[in-house]
Amino acid sequence: MPSDAVPSDDAAADFGAAVAEVVRMIPPGHVMTYGDVAAALGSRASRAVGKVMAHEGADLPWWRVVRAGGHPPLHHEARALEHYRAEGTPLVQGTAAWRLDMRRARWSPSTDADDPF
DNA sequence: ATTATGACGGTTC
DNA sequence: AGAACCGCCATAA
């Protein structure tokens with residue numbers, strides 16, 4: 001049965017696993033934009049990243065992945081806010097809304113550079 | 001191959 | 001600040 005393998009599952013898991021890996025290495029108190037995550041994979045598929053999160057993000061700290069500009073993931077801002085306050089993510093106050101302080105919250109995988117290659 | 005969609009990004013009005 | 005439009009990439013049908 002090993003000769004069968006699972007091509008379709010492998011192909012999708014490649015991008016999905018890459019996204020999951022990057023998201024999992026984001027430290028608390030910091031966030032990455034969908035575009036940054038995609039850029040870390042060498043792609044610009046910010047949308048594909050979001051789709052992966054929606055599908056496999058159930059096991060990932062999805063709240064550490066936000067949109068550009070400092071806005072949290074759509075349909076999840078309330079839940080994300082709880083996590084940000086709990087982890088000490090720098091937030092900025094608005095008149096009727098809040099946003100992340102990208103200047104401090106934005107983080108990059110190269111910052112911690114655990115990757116030898 | 002083609003079409004439509006998506007937890008997006010950026011620009012423009 | 002909010003809405004509209006286009007661009008970009010990956011996935012599903």
(message) Using side-chain heavy atoms (C-beta onward) and a distance below 4.5 Å, is Leu60(A) in contact with Arg24(A)?
(response) yes
(message) The criterion is salt bridge (Lys or Arg N to Asp or Glu O under 4.0 Å); which residues satisfy it with Arg85(A), sequence neighbours excluded?
(response) none
(request) Go through residues 33-46 of chain A and report each residue with a non-hydrogen atom lying under 4.0 Å from DNA chain C, sorted by number. (result) Ser43(A), Arg44(A), Ala45(A)
(request) Return the set of residues passing side chain to side chain contact (heavy atoms under 4.5 Å, CB included) with Arg79(A) (not counting sequence neighbours), or none when no residue passes. (result) Trp62(A)
(message) Which heavy atom of Ile26(A) sits nearest to which heavy atom of Trp107(A), and what is that distance?
(response) CA-CZ3, 3.7 Å
(request) State which residues pass side chain to side chain contact (heavy atoms under 4.5 Å, CB included) with Arg99(A); sequence neighbours excluded, sorted by chain then number. (result) Val92(A)
(request) Mind telling me whether His83(A) and Trp63(A) have parallel, tilted or perpendicular rings, with 30° and 60° as the class edges? (result) parallel
(request) Report yes if some heavy atom in the side chain of Met32(A) is under 4.5 Å from a heavy atom in the side chain of Val23(A); otherwise report no. (result) no
(request) Could you list by number each residue of residues 75-91 of chain A showing a heavy-atom separation from DNA chain B of less than 4.0 Å, or answer none if no residue does? (result) His76(A)
(request) Using whole Å, report how far NE2 of His55(A) lies from C1' of dC9(C). (result) 18 Å
Under 3.5 Å, N/O pairs linking protein and nucleotides 11-13 of chain B:
none

(request) For Ala54(A), answer base if it contacts any base atom (sugar-phosphate contacts may also be present), sugar-phosphate if it contacts only those atoms, and nothing otherwise; contact means non-hydrogen atoms under 4.0 Å. (result) base
